[in-house]
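Here is the naming used below: chain letters follow the sequence lines, and residue numbers restart at 1 for every chain.
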Amino acid sequence: MTVMLPFLRRIMPQLITLAVIVGLISFMFPGFFTISIANGRLYGIPIDILNRGAPVALLAIGMTLVIATRGIDLSVGAVMAICGATAAWGITEGYSLAATLAMALSAGLVCGLWNGFLVAVLGIQPIVATLILMVAGRGVAQLITEGAILTFNHEGLIFFGSGSLFTVPTPVIIGVAAGALATLVVRRTALGMLIEAIGINLRASTLSGVNTRVLLIAVYMTSGLCAALAGIIAAADIRGADANNAGLWLELDAILAVVIGGTSLLGGRFSLIASLIGALIIQAVNTGILLSGFPPEFNLIIKAVIILIILILQSPTMRSVVIFFSRDPAGAGEVEKETVVP
Amino acid sequence: MPQSDASQPLLRARGVRKIFPGTIALDGVDFSLEAGEVHALLGENGAGKSTLIKCLTGAYRRDGGDILLEGEIINPKGTIDAQAYGIGTVYQEVNLLPNLTIAENLSLGHQPTRFGMISVRDMNRRAREVLANYDLSVDVTRNLGSCSVAVQQVIAIARAVTLSGKVLILDEPTASLDSHEVGMLFDVIRSLKQRGLGIVFISHFLDQIFEISDRLTVLRNGRLVGTETTSDIDRLRLVNLMLGRELEEEIRPHGKDHTATGEPRFSFTGFGRKGSIAPFDLAIHSGEVVGVAGLLGSGRTETAEVLFGVSHHDSGVASRGEGTDLHLKSPRDAIAAGFGFCPEDRKTDGVIADLTVRENIALALQARIGWMRRIPDREQRAMANDYIRKLDIRTPDAEKPVGLLSGGNQQKVMLARWLATNPSFLILDEPTRGIDVGAHAEIIRLIEDLCAQGMSLLVISSELDELVAYSHRVIVVRDRHHVAELVGNEITTDNMVSAIAAPEKETVI
Amino acid sequence: MNARLLPLVATLVIFLVAYAICYAQYPVMLSTRVIGNLLTDNAFLGIVAVGMTFVIISGGIDLSVGSVIAFSGVFIAVMLRDTALHPMAVFAMLLVLTTLFGAAMGATIHLLEMPPFIVTLAGMFLARGMAYVLSIDAVPITHDFYDQMQSMYWLMPGKGRLTLIGGLMLVVFIVGIGLAHRTRFGMNVYAVGGGANTAALMGVPLGRTTTAIYAFSGLLAGIAGIVFSIYTSAGYSLATVGVELDAIAAVVIGGTLLTGGSGFVAGTLIGVLIMGLIQTYIIFDGTLSSWWTKILIGMLLFAFIVLQKGLVWTTGKKRAAGG
Amino acid sequence: AQTVGFSQIGSESGWRAAETTLTLQQAKDRGIDLKFADAQQKQENQIKAMRSFIAQGVDAILIAPVVATGWDSVLEEAKEAEIPVILLDRMVDSSDDLYLTAVGSDLVHEGSVAGKWLVDELAGKDCNVVELQGTTGSSPAIDRKNGFEQAIAGHDNIKLIRSQTGDFTRTKGKEVMESFLKAEDGGKNICALYAHNDDMAVGAIQAIKEAGLKPGSDILVVSIDAVPDIFQAMAAGEANATVELTPNMAGPAFDALAAYMKDGTMPPKFIQTESKLYTQADDPQAVYEQKKDLGY
Ligand SMILES: Nc1ncnc2c1ncn2[C@@H]1O[C@H](COP(=O)(O)OP(=O)(O)OP(=O)(O)O)[C@@H](O)[C@H]1O
Ligand SMILES: Nc1ncnc2c1ncn2[C@@H]1O[C@H](COP(=O)(O)OP(=O)(O)OP(=O)(O)O)[C@@H](O)[C@H]1O
Ligand SMILES: [Mg+2]
Ligand SMILES: [Mg+2]
């Protein structure tokens with residue numbers, strides 16, 4: 001119990017935000033919580049949010065780790081496209097499902113390796129390093145599909161997008177499983193601390209004997225792997241690889257999810273669970289906009305305003321204002337960040 | 001109500017309070033500074049000295065109390081305000097911008113302009129003039145980041161001096177200076193004093209306190225212990241005031257008699273790196289402390305960095321014991337060989353500010369064990385608490401982010417990190433920098449204990465007394481060459497000074 | 001030579017070599033026409049990249065500029081269509097608007113201690129959203145004043161044109177260089193990039209500087225918007241998607257570090273020209289499929305960055321070894 | 001041989017890939033040296049490409065303009081350099097003496113063909129229609145919406161109840177359709193779907209199936225483009241109608257160009273391609289077989 005408390009306190013702002021947004025939608029749309037079973041699959045708006053949020057949630061897992069090392073991965077959208085295209089290509093070429101999946105996942109790992117190599121070995125700044133793959137990656141994906149949407153009808157592969165296991169949609173299961181696995185690996189081993197250490201002070205970590213180079217590469221590879229999973233899901237969902245549009249601009253959503261999840265873009269302390277909730281918040285906003293029936297030209301403004309409100313409420317300044325008003329000088333263990341007022 | 005009149009002290013703090021979560025850093029502290037005096041501020045690591053001056057200059061928001069300048073209540077909202085009031089400050093960690101040139105750093109905020117444009121020529125000329133007072137001949141168009149910590153420190157001081165119309169505050173300005181620079185600084189301080197400035201001076205070097213200060217104020221655990229006239233107090237009583245107890249032993253100013261013999265544990269032959277340190281030979285025996293002496297910028301840090309693989313050596317070989325060659329291309333190689341290295345610049349090379357004390361202490365050990373086998377929380381906590389006790393690290397608990405600790409305590413955490421790995425050869429670069437008298441004695445005792453347990457140490461220090469106290473051998477570095485080696489009874493301050501100063505290599509080799 | 005200039009020189013050398021290679025293959029490359037095009041076609045990108053350089057030197061990033069350019073175009077077009085205002089008056093209103101928009105983002109970044117990436121991302125959504133609300137349709141601009149501005153160019157020998165907007169870009173660069181290296185504001189930008197807290201301790205007015213930086217970027221995005229509207233005589237809410245990434249790439253190729261604190265406005269000009277050169281080369285080649293175009297742009301970006309790093313590194317090393 | 005520059009918008013959809021493939025094919029068949037430039041969806045890149053073509057001195061320029069506005073000055077430059085320009089598949093709103101001719105379909109007309117089909121199909125029955133728009137602000141999205149609305153205007157039995165953007169993509173088409181279904185009583189409230197392109201329709205069809213409804217009968221599906229995949233859906237009875245936008249714009253363009261080059265014959269200013277309506281009656285499987293290798 002005592003171990004859970006700081007954890008709960010850490011994700012509380014995200015949980016509250018999610019609750020408020022879900023509350024808003026269900027107020028607007030009273031049928032929100034009705035969940036039924038259609039075609040042997042759970043069916044309802046909350047399920048949609050989970051299901052549609054899964055790719056961004058997956059991306060957010062890798063992105064959280066990358067951002068914790070003070071990096072950023074702009075290429076995840078393009079990597080999704082590459083891996084989706086690889087999967088579609090593999091299955092249409094007649095490879096077995098296992099081989100196809102292996103190829104798609106390896107494609108993600110290779111992309112991650114490339115990014116990691118640029119960042120850790122060549123010392124190129126992460127934004128630029130991953131920008132290269134962001135630009136070129138979509139070209140690679142199109143090269144595989146030759147510009148067309150490569151469709152397939154293999155039930156096994158389609159299962160990853162629109163299948164379900166015990167009535168739960170597969171993407172949700174994959175997302176939850178990946179999140180749980182990543183959390184477990186990162187927190188049960190020393191990886192989490194080492195990643196945070198290199199994010200906060202790379203040089204000091206190297207001097208302390210942390211194998212920063214390998215760790216950085218591994219983190220980018222994880223991001224590539226997550227993007228590969230997301231890419232497979234996205235392709236399986238529409239039964240085709242759309243090299244142009246798969247994952248387009250999703251990197252921004254993933255970064256947003258991480259930031260809403262409270263991980264600083266300057267690296268350091270991170271929380272995977274909070275990022276996952278962040279991904280759900282974003283998807284809830286998107287779904288809410290779709291349900292609202294507003295004309296689409298307002299979509300961006302609504303999204304921007306909601307995001308701004310969320311971020312303003314979560315900003316350190318606001319938090320200290322809240323602490324100030326709640327008259328809790330001990331700050332409940334929270335570290336007051338001294339603002340140096342010039 | 002206080003009136004503005006001549007009898008008022010120049011700068012006065014009344015009942016200043018500052019509370020951090022879990023710590024009361026300042027608890028109603030009074031402090032007053034007269035014009036034309038040097039007022040020393042003393043106290044153990046974490047006593048609240050830095051916090052007090054940050055409150056005085058508005059860098060921190062106070063939680064209570066008043067600040068009066070010449071009798072008027074002032075409320076500086078930040079450094080700019082403080083500068084406008086004529087208060088110049090050098091904060092504890094060097095606070096300059098490594099990406100700007102020396103001249104730009106000196107003139108930031110008040111650059112000479114002509115028709116609204118900065119006149120670079122004027123700016124550089126002024127910078128050269130200012131630095132001439134400090135006997136520093138550097139290219140002022142060089143990036144500050146390429147200068148050693150010491151040079152940066154001097155520049156920070158020079159900047160603060162040019163900014164201070166009434167008050168100059170120096171937080172541990174001498175921590176990384178050698179005696180020559182310190183002398184220079186004191187000359188400057190004296191001339192400012194003549195001009196009627198009030199100077200606040202923080203240092204852990206009692207000699208310097210006695211040399212320069214007129215009055216002193218002692219803080220302990222955020223509380224005011226007292227203000228005294230320096231000439232009325234003796235060393236022992238001062239230490240007593242600071243620590244609240246007797247200091248058991250002071251440093252013995254003589255070298256070790258014992259000279260290590262037999263097989264060296266590690267030996268380095270022709271080790272060097274072009275452009276940073278000339279090839280040198282070095283043998284390290286078990287249970288031996290090798291001191292390294294030299295002026296600032298002489299290449300002491302470079303020696304350590306080449307040994308630890310931070311910068312790759314491009315000549316020479318290293319070996320363990322008799323034969324086996326050591327491959328030292330990176331810190332990881334060095335750590336695998338049983339080395340440890342506590343770097344000089346703790347802010348950029350040492351602490352991981354946002355990680356907790358516990359994690360910082362466990363880091364090097366964890367890195368060596370590998371990421372798979374996480375040291376269980378319980379063990380980490382036990383280890384951390386153990387070192388917090390042993391090294392007397394002042395922190396409410398092991399879960400405090402290390403960046404929030406006072407400077408000296410951060411230094412101890414770094415030491416703890418390396419002790420936890422139990423290295424056979426530990427390199428310490430300026431380990432006592434910024435450490436209070438009590439802890440200073442403890443660290444020296446620790447060094448002696450470690451070497452008694454058979455650990456080999458290479459200690460770089462600017463404090464020659466300290467080197468004399470614990471070294472079995474002292475290597476003197478000058479101009480990137482190892483120029484002399486003093487053994488046993490030869491290790492005296494005088495010998496070292498003459499070896500450091502000697503223009504030719506005629507000293508004992 | 002000053003060590004600080006190394007990245008700049010490296011970039012310049014790479015640009016010249018690349019141009020020489022292109023020239024060897026297509027001699028037309030050196031015609032005034034191509035050179036004029038290079039300036040005109042990249043004018044809006046260059047202008048916005050100057051603002052981006054300041055932002056990046058200060059350690060920030062501004063993702064909103066592409067959307068702000070689109071918004072500017074739509075704003076101008078709609079104002080000119082629906083009101084009788086003179087374009088100059090509309091420009092003035094627009095520049096006030098975009099400057100305030102930038103300032104608001106800067107103030108948010110400073111006051112709420114939020115990362116620039118996120119604040120300007122929201123700004124990016126917001127600005128494009130506003131453009132949609134003004135008009136989803138592309139709105140043509142038909143105004144004599146626009147025709148005049150378009151016909152203002154200097155016909156260089158060889159039929160190349162140095163247009164008004166190309167010239168304007170060069171002026172903006174000169175002003176930008178002066179601002180960066182010869183004013184207190186510029187120095188403060190470098191200082192903030194070197195370390196915001198330290199800069200504050202040294203007396204740099206952090207809030208004012210941050211606000212001013214983003215306001216300046218907003219102003220230049222507005223000017224770029226005007227230039228783009230002259231370039232296309234239209235306002236279109238879907239225009240200039242992703243220009244922020246091009247601008248960032250140009251700034252980085254120009255030798256500015258994304259970590260902040262070091263870089264050159266002049267380098268950005270070369271960066272912009274390099275990007276333009278890559279595109280011109282690909283068009284001249286004319287055999288690349290859509291996907292190979294993308295892959296090649298990525299690879300060339302990579303090559304330039306690696307070359308530049310390599311050059312800086314080897315010369316830096318030689319210098320160290322030499323003494 | 002002639003050198004012709006071709007400035008393509010990009011490769012954002014299968015349809016456009018097919019257009020590119022066919023253009024290259026046509027050029028090759030006629031022995032024309034085609035310089036291809038992909039603009040990655042950016043008008044500025046298309047203008048750059050045009051200028052570079054002019055600097056290179058090509059014999060003619062084909063351009064598929066990403067947007068109607070903003071071409072005046074570069075078209076003038078081409079005219080000054082005496083290089084004929086032919087517009088493909090989309091129009092520009094510049095004066096028509098600046099280009100030789102435009103080959104394309106009428107986007108508004110396409111929308112109204114789809115609308116008219118629905119009107120006829122319903123024959124007066126009440127029907128709630130949901131609409132999947134293209135990318136907000138793009139001209140096909142605006143025009144196809146207008147055309148459809150014109151066609152259903154005055155038919156009070158047809159109500160457009162929801163309209164959202166699906167960005168012309170399958171993924172978004174599916175996601176938006178899912179939310180339409182949820183919002184409209186599990187889809188029971190919807191009788192027809194109008195999608196601005198086939199890709200979104202294909203995505204939406206999957207969403208309808210996953211919701212346990214039958215596309216094509218429970219919900220009528222009409223869309224535009226006529227890409228091969230929609231014919232498969234039509235063959236399976238899951239889609240009802242599509243309006244063809246032929247990707248072969250280059251053929252007529254090259255014909256007009258050849259005639260002009262030969263003896264200066266001025267082609268008409270607008271060569272409209274047919275907006276053919278395909279329904280399930282048109283043997284969709286056969287059309288699919290015929291179209292599937294065209295590079296869609
Ligand atoms: N920003 C902060 N947040 C929380 N606690 C802090 C912060 N800054 C200082 N402290 C705590 O306040 C106390 C006083 O610190 P301060 O830096 O003033 O000590 P000091 O006397 O300057 O010590 P030293 O000689 O080591 O520099 C310490 O216990 C420190 O841990
Ligand atoms: N007083 C000085 N004047 C000019 N340059 C200096 C001065 N002191 C140091 N430097 C420069 O700083 C650089 C780095 O010195 P470094 O810190 O490595 O030496 P060090 O012997 O370890 O000194 P310390 O550890 O005492 O700072 C050297 O290249 C030297 O040129
Ligand atoms: Mg201190
Ligand atoms: Mg040193």
Side-chain angles (χ1 to χ4, degrees), chain A residues 28-29 31-32 34 36-41 43-45 47-49 51-52 55 84 135 138-139 142 145-151 153 158 161-162 164 169 234-235 237-250 283 286-300, chain D residues 10-18 20-21 38 40-41 131-137 141 161-187 198-200 202-203 205-207 209-213 227-229 232 292 294-296:
Chain A
M28 227 167 42
F29 199 83
F32 182 85
T34 23
S36 56
I37 292 189
N39 285 352
R41 197 162 173 265
Y43 180 86
I45 301 170
I47 303 301
D48 272 2
I49 294 180
N51 194 25
R52 292 285 150 218
V135 175
R138 223 158 260 291
Q142 285 177 324
T145 65
E146 293 180 330
I149 299 182
L150 200 55
T151 49
N153 271 313
I158 290 170
S162 40
S164 61
D237 181 38
I238 57 165
R239 301 157 189 242
D242 185 350
N244 265 295
N245 300 305
L248 195 62
W249 302 120
L250 278 200
Q283 188 55 46
N286 284 341
T287 306
I289 290 175
L290 291 183
L291 288 171
S292 68
F294 282 121
E297 49 268 35
F298 291 103
N299 288 3
L300 277 177
Chain D
S11 55
E12 74 280 5
S13 66
W15 183 88
R16 199 153 292 283
T20 306
T21 317
D38 180 300
Q40 327 257 336
Q41 263 74 42
E131 179 184 34
L132 286 171
Q133 299 184 26
T135 307
T136 312
I161 51 169
R162 274 179 187 266
S163 178
Q164 244 307 336
T165 173
D167 282 338
F168 282 132
T169 68
R170 284 191 192 190
T171 314
K172 288 284 279 180
K174 187 171 179 185
E175 177 178 351
V176 175
M177 192 65 205
E178 277 175 359
S179 74
F180 283 170
L181 291 167
K182 305 274 156 36
E184 298 298 337
D185 195 15
D198 291 339
D199 281 334
M200 290 190 291
V202 169
I205 287 169
Q206 287 170 17
K209 283 201 285 189
E210 281 168 22
L213 296 175
V227 304
D229 284 348
Q232 251 184 333
K292 74 176 184 206
L294 289 179
Y296 276 104

Please classify the contact between D:E175 and chain A as side chain, backbone, both or neither, with a heavy-atom cut-off of under 4.5 Å. both

Contact class of D:R170 relative to chain A, heavy atoms under 4.5 angstrom: both

Mind listing the closest non-hydrogen atom pair of D:I161 and D:E184 along with its distance? CD1-CD, 3.7 Å

Using heavy-atom distances under 4.5 Å, tell me whether A:D237 contacts chain D through its side chain, its backbone, both, or neither. both

Ignoring hydrogens and angles, state whether a donor on the side chain of A:Q142 or D:S11 is under 3.5 Å from an acceptor on the partner side chain. yes

Is there a donor-acceptor contact under 3.5 Å linking the side chains of D:Q164 and A:N299? yes

In terms of heavy-atom pairs under 4.5 Å with chain A, the winner among D:R162, D:E178, D:R16, D:K172 is D:E178

If you count heavy-atom pairs under 4.5 Å between each of D:D199, D:T169, D:L181 and chain A, which one has the most? D:T169

Among A:A246, A:A234, A:P296, which has the most heavy-atom pairs under 4.5 Å with chain D? A:P296

Relative to A:Y43, does D:K182 satisfy both conditions: NZ or CZ under 6.0 angstrom from the six-membered ring centre, and within 45 degrees of the ring's axis? yes

Sort out for me which of A:T151, A:N286, A:D242 touches chain D most, counting heavy-atom pairs under 4.5 Å. A:T151

Atom of A:A235, atom of A:G84 and distance for their closest heavy-atom approach: CB-CA, 3.9 Å

Taking every heavy atom of A:Q283 against every heavy atom of A:I49, the minimum-distance pair comes out as CG-O, 3.3 Å

Across all chains, not counting sequence neighbours, the side chain to side chain contact (heavy atoms under 4.5 Å, CB included) partners of D:T20 are D:Q8, D:L24, D:F36

Is chain A contacted by the side chain of D:Q133, its backbone, both, or neither, given a heavy-atom distance below 4.5 Å? side chain

A:E146: what forms a salt bridge (charged side-chain N to carboxylate O under 4.0 Å, His left out) with it, not counting sequence neighbours? none

Toward chain D, the part of A:F294 with a non-hydrogen atom under 4.5 Å: backbone

Side chain, backbone, both or neither: which part of D:T165 has a non-hydrogen atom closer than 4.5 Å to chain A? both

Comparing A:P295, A:S162, A:A243, A:S36 against chain D, the one with the most heavy-atom pairs below 4.5 Å turns out to be A:S162

Can a side-chain donor-acceptor contact be found between A:N245 and D:E12 if the only test is distance below 3.5 angstrom? no

What part of D:D185 gets closer than 4.5 Å to chain A, counting heavy atoms only: side chain, backbone, both or neither? neither

Engaged part of D:T21 at the chain A interface, taking heavy atoms whose separation is under 4.5 Å: neither

